[in-house]
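The next block holds one structure in the form of structure tokens; read it before the comments.
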Amino acid sequence: MKRIKGATLSAVFSLFLTGVLCFFPGRSFQTMHHPEPFFPSAGLTAKHWLSDYFPPLKNTHGDTEVYIFRGTEKGGNLLVLGGTHPNEPAGMIASVLLVENIRAKRGNVLVVPRANASGFTHSDPQEGNPQRFVIPTPDGPRPFRLGSRLTNPVDQWPDPAVYLNPAGQKLSGNEVRNLNRCYPGRADGFLTERIAFGIMELIRKERVDIGIDLHESAPEYPVINAIVFHENSSELAALALLSLQAEGFDIRLEASPANLRGLSHREWGDHAGIKAILLETPNASHGRLKGKPSSSLIVDGKDKFYTKAARLGWLFVPYGEEGIPLALRVARHLAAIEAVLGGLAELEPDKAVEIEDLPAAAEVQKRGVGAFLHAPQKGG
Ligand SMILES: [Zn+2]
């Protein structure tokens, strides 16, 4: 009798202990489903959802915010996507800096900071990545989610063994959850294909003239510090390159390969006829040669293994001990957006887009990204 009582007590205790041990990580895990708020500038004229353009996305984890800045003067329509790949922080943060600072003077600017919202709700398995990275601001630290390159399998599962994408390209199965392989999307397809279709609908319904998709790549990957352009944007990309080089940014041009299908810089141009540009900056945190992943690796970008790899000539970008901080990567994206718009104004003046209060690249590098983020307590 005594033994049974003892066993019951230890069973109850074990259950209690398991409950406690599951509660805290469970609660932390759950927070990945709550997107951080952004604090738009006074220049914001409307906030829509992707489901306003493609209603089947409503109440799915593929729905995402579309921030709209309409100018007072007639011009072109610019779409900027961040977070196509949620493990490439400079793309998302550059688009947040747009949302929190700009005003459109001429034409309209549409910004989608979390293009694959589902990818922000989980982390890449077995990478040991931090759930968040933290940007210091004058009013205190501001955290942002570090997500996964792919849609959350909770939202889209299982993957096929081989994925035949809507553009007819055969890819390995898990690419079915890679937004930048799913264009031009399928209205009745997998969730990621429906997100891609929603973005195409946004492009069509808002009569977008030019789309810029913000990415990062690992320093050992050849397409880096690059402007990838659809052939309909080659002159525009060349003009942007010249002005970026004049500003001291080392950057290269990569033509979108005609036989690599399903990517934004290919299908936006082919299917919607818009000018399509994709930008890449170097991000050590999703490279294979990095040391321990951490928030500071993302924000400060210092990594002794990448510095060593650069010395050995293994990388496609210089990587000194000072690292490649988020501020520099975001500054590159903002400078490139400005350079592309400068080229557009020159080539097609009636489609020009003029942005006021775009954080200057030199200022972002000098003062840090945090200087251009609103304090949470002051936000709306
Ligand atoms: Zn990417």
Side-chain angles (χ1 to χ4, degrees), residues 62 64 79-96 98 111-124 127 129 133 144-152 163 165 167 169 171-172 174-183 185 192-193 195-196 199 211-230 237 251-257 260-269 276-290 293 297-298 301 315-317 324 326 328-330 332-334 336-337 340:
T64 190
L79 169 68
V80 177
L81 289 197
T84 289
H85 292 146
N87 62 335
E88 298 171 10
M92 188 259 280
I93 295 296
S95 61
V96 175
L98 292 180
V111 188
V112 183
R114 284 181 279 243
N116 186 352
S118 167
F120 281 93
T121 64
H122 72 134
S123 300
D124 283 323
E127 290 288 333
N129 281 338
F133 56 96
F144 291 91
R145 271 281 302 143
L146 177 69
S148 163
R149 179 176 175 83
L150 305 175
T151 299
N152 194 331
Y163 172 45
N165 79 7
Q169 182 119 31
L171 297 160
S172 66
N174 66 353
E175 296 284 37
V176 70
R177 289 182 289 120
N178 180 350
L179 176 58
N180 206 25
R181 296 296 181 276
C182 289
Y183 290 107
T192 316
E193 294 177 331
I195 299 168
I199 290 167
I212 303 180
D213 194 8
L214 303 177
H215 287 250
E216 296 208 89
S217 49
E220 66 272 29
Y221 185 67
V223 181
I224 196 157
N225 274 353
I227 301 176
V228 188
F229 62 94
H230 187 277
I251 194 140
R252 67 190 82 176
L253 291 185
E254 300 278 347
S256 169
L260 183 56
R261 308 303 307 265
L263 290 90
S264 57
H265 51 75
R266 166 61 35 208
E267 310 306 336
W268 289 0
I277 299 270
L278 182 146
L279 301 172
E280 296 276 11
T281 56
N283 171 28
S285 76
H286 78 282
R288 302 287 14 122
L289 307 176
K290 65 179 182 284
L297 174 62
I298 293 163
L315 306 183
F316 290 88
V317 283
I324 304 182
L326 184 65
L328 172 58
R329 285 138 53 203
V330 168
R332 291 190 76 102
H333 277 328
L334 297 175
I337 291 171
V340 166

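Atoms within each ligand, like the ligands themselves, are counted from 1 in listed order. Numbers here are sequence positions counted from 1.
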[Y] side chain reached by [X] side chain, heavy atoms, under 4.5 Å:
X: Pro89; Y: Leu146; result: yes
X: His286; Y: Asn129; result: no
X: His265; Y: Pro257; result: yes
X: His215; Y: Asn180; result: yes

- Query: Looking at Ile324, Asn283, Leu315, which hits side-chain contact (heavy atoms from CB on, under 4.5 Å) with Pro219?
  - Reply: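 Only one of Ile324, Asn283, Leu315 forms a side-chain contact (heavy atoms from CB on, under 4.5 Å) with Pro219, namely Leu315.
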- Item | Residue-atom pairs from the protein, N, O or S only, that lie under 2.8 Å from the Zn ion (ligand 1) |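 Sorted hits: His85 ND1, Glu88 OE1, Glu88 OE2, His215 ND1.
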- Partners meeting side-chain hydrogen bond (donor to acceptor under 3.5 Å, both in side chains) with Gln169 (sequence neighbours left out):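 Result, side-chain hydrogen bond (donor to acceptor under 3.5 Å, both in side chains) vs Gln169: none returned.
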